[in-house]
Student: 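Structure incoming, see below.
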Amino acid sequence: MKLYLQTYFPEYPIKLMTLHHDERLPTENTGGHVHVFISGQNSLTGEHDLRLSQIKRVNEFLIKRGDGADCLAESGRLYYIESSEVYSYLQQMFYEFINENLFNEKDLNAEFSPESERQSAKRKAMNKEAKLPKYQRPFNFYTRKIEWLQQQISVLNKQYQSITYNISNGEQTLAKLQTENSEIQKQNLDWQQKTSGLHKEYKQLLVKRDDICTDIEKGQELIHEQASVSDQLDVEVKNKYAEVNKLNQVAAVKHKQVIELDDDISKKQALLARLKEITAQALQPLEQMISKIYMRFQTADSSKGKYYFNMVLEAFNDKLSPLIRDISIDIAKQTQDNALESALKRKNQKLAENKSDSGL
């Protein structure tokens, strides 16, 4: 802007230039603009003839591009529509100048808005209100900021609902695992009862076997005492022995079943313990990270925001699985916490590099 004024109006000193960009939203990269105050007095002649100089420069511009027929009266006596054309041509001169001296070398080109946009009802209303104070204009930065904040609130509400839904699903999953755990404990109790019954039956068989052995011993004693009935006793002894062998076989089968059931119970108990451990290990870190991120989300705009920010970052370490770390980064992203998301991504990358280095 300064170079443009010094090129076309060098005889009119620039009194003040100020640039500000406080009328744009946080997500916008454009909106900064400059206000220039120049003297209307010609430094060479002492005349206040800035308007006449503007008309002369416009005519020079029109002649240069081959539109000399459109030149304006340099006396300054213009119709209303011609006065408007002066400023339109000055804008065209500025666009041509800034393209040639700044934008084109950067592969950029400044152009006027399409005719359809300039003739739209909204643009006409904005032009009509341009002379009003900014606080009285419906189309101003403050109303735009209010609309943008309302949109952000709507997005955050949807994200909050999504996070609440995910937490609800996690609680349902936890309840399901707890129910399954209860069923396994019930099955374990049934197995223990069956094992107790088999042990009891096995002990009864041992007692019965001992009783038969006692009977055999008594029979043998009777053989010695009553030789006359030895043949009959021999038969009874053989039968007893056969019965003992049969009972021994049954007892051996039962004993094997008891051992197998004991092994099965041990495996189930180990599986149950492992399931409890996996359930606790899988859910506890995720629940803790969700809780810390949620507290950070609730206090992001307060003095406690930094405290919960550091708490989340400290808990985000190599003890968490890559899946839980990715879920934590995604939750930070959903809550629009750009600072937390960036910090977690950087730490996650560092953790991955450390793991890769240790693997080498």
Student: Examine Tyr87 and Leu62 and state if one hydrophobic cluster contains both, with Ile, Leu, Val, Met, Phe, Trp and Tyr joined whenever side-chain heavy atoms are less than 4.5 Å apart.
Tutor: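 Shared cluster, yes.
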
Student: Would you tell me whether Ser53 and Tyr12 have side-chain atoms, one donor and one acceptor, within less than 3.5 Å of each other?
Tutor: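 Yes, Tyr12 and Ser53 have a side-chain donor paired with an acceptor closer than 3.5 Å.
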
Student: For the residue pair Arg325 and Lys347, establish whether any side-chain heavy-atom pair is separated by less than 4.5 Å.
Tutor: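 SC-SC contact between Arg325 and Lys347 ruled out.
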
Student: If you draw a 6.0 Å radius around CD in Glu353, do more than 12 non-hydrogen atoms from other residues or ligands fall strictly inside?
Tutor: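 Buried by this count: over 12 neighbours within 6.0 Å.
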
Student: Establish, from distance only, whether the side-chain atoms of Arg209 and Gln204 form a donor-acceptor pair under 3.5 Å.
Tutor: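 Side-chain D/A pair, Arg209 to Gln204: absent.
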
Student: Can you tell me how far apart CD (Glu100) and CD (Glu96) are? Round to the nearest 0.5 Å.
Tutor: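 Spacing of CD (Glu100) from CD (Glu96) equals 6.5 Å.
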
Student: Give the cluster check for Tyr294 versus Met289: same hydrophobic cluster or not, with ILVMFWY residues linked at side-chain heavy-atom distances below 4.5 Å.
Tutor: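 Not linked; separate clusters.
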
Student: Which atoms form the tightest heavy-atom contact between Glu74 and Leu52, and what is the distance?
Tutor: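 Looks like O-CD2, 3.6 Å.
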
Student: Give a yes or no answer on whether the side chain of Asn348 reaches the backbone of Leu344 with a donor-acceptor pair at less than 3.5 Å.
Tutor: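 A pair under 3.5 Å: no.
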
Student: What distance do Glu60 atom CD and Ile55 atom CD1 have between them, rounded to the nearest 0.5 Å?
Tutor: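 Rounded to the nearest 0.5 Å, the CD-CD1 separation comes out at 12.5 Å.
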
Student: Between NZ of Lys240 and CD of Gln220, what distance do you get to the nearest 0.5 Å?
Tutor: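 CD of Gln220 is found 13.0 Å from NZ of Lys240.
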
Student: Grouping I, L, V, M, F, W and Y whenever their side-chain heavy atoms are under 4.5 Å apart, do Phe309 and Leu351 come out in a common cluster?
Tutor: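 Phe309 clusters together with Leu351.
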
Student: Could you state the interatomic distance from NZ (Lys194) to NE2 (His199), rounded to the nearest 0.5 Å?
Tutor: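 Interatomic distance, Lys194 NZ to His199 NE2, rounded to 0.5 Å: 14.5 Å.
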
Student: As a quick check of understanding, evaluate side chain to side chain contact (heavy atoms under 4.5 Å, CB included) for Leu340 and Phe297, giving each step before the final call.
Tutor: CA-CA 10 Å; Leu340 181 60; Phe297 173 75; over 6 Å; no

Student: Any salt bridge linking Asp337 with Arg296? Criterion: basic side-chain nitrogen under 4.0 Å from a carboxylate oxygen.
Tutor: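 Yes, Asp337 and Arg296 are salt-bridged.
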
Student: For side chain to side chain contact (heavy atoms under 4.5 Å, CB included), just list the numbers for Gln185 and Leu189, CA-CA rounded to whole Å, side-chain angles, deciding distance to a tenth of an Å, and then say yes or no.
Tutor: CA-CA 6 Å; Gln185 289 178 340; Leu189 180 60; over 6 Å; no

Student: Using only atom types and a distance under 3.5 Å, with no angle test, would you say the side chain of Ser356 pairs donor to acceptor with the backbone of Ala352?
Tutor: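 Not confirmed, Ser356 side chain does not pair with Ala352 backbone.
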
Student: Answer yes if Val253 and Leu247 sit in the same cluster of Ile, Leu, Val, Met, Phe, Trp and Tyr residues linked by side chain heavy atoms under 4.5 Å apart, and no otherwise.
Tutor: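 No.
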
Student: Apply side-chain hydrogen bond (donor to acceptor under 3.5 Å, both in side chains) to Gln269 and list each qualifying residue two or more places apart in sequence or on a separate chain.
Tutor: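 Once residues adjacent in sequence are excluded, Gln269 has no partner under the side-chain hydrogen bond (donor to acceptor under 3.5 Å, both in side chains) criterion.
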
Student: Restricting to non-hydrogen atoms, name the atom on Ile63 and the atom on Gly68 that form the minimum distance, rounded to 0.1 Å.
Tutor: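 In this case the closest contact between Ile63 and Gly68 is CG1-CA, 4.1 Å.
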
Student: Please lay out, stage by stage, how Thr335 and Leu156 fare under the test side chain to side chain contact (heavy atoms under 4.5 Å, CB included).
Tutor: CA-CA 7 Å; Thr335 58; Leu156 290 174; 5.5 Å; no

Student: List the atom of Phe316, the atom of Ser328, and the distance in Å for their closest heavy-atom pair.
Tutor: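 The answer is CE1-CB, 4.0 Å.
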
Student: Please name the pair of heavy atoms, one in Lys15 and one in Ser39, separated by the smallest distance, quoted to 0.1 Å.
Tutor: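 Shortest heavy-atom separation between Lys15 and Ser39 comes out as CE-CB, 3.7 Å.
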
Student: Provide the closest heavy-atom pair for Pro285 versus Ile324 in the form atom of the first, atom of the second, distance.
Tutor: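 Smallest interatomic distance, heavy atoms only, reads CB-CD1, 4.1 Å.
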
Student: Report the distance from atom NZ of Lys203 to atom CG of Leu205, rounding to the nearest 0.5 Å.
Tutor: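 One finds 12.5 Å between NZ of Lys203 and CG of Leu205.
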
Student: Determine whether Leu16 and Val36 satisfy the following criterion, side chain to side chain contact (heavy atoms under 4.5 Å, CB included), listing intermediate values before the conclusion.
Tutor: CA-CA 6 Å; Leu16 175 66; Val36 183; over 6 Å; no

Student: Does Tyr165 belong to the same Ile/Leu/Val/Met/Phe/Trp/Tyr cluster as Leu174, with side-chain heavy atoms less than 4.5 Å apart forming each link?
Tutor: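 Cluster IDs for Tyr165 and Leu174 differ.
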
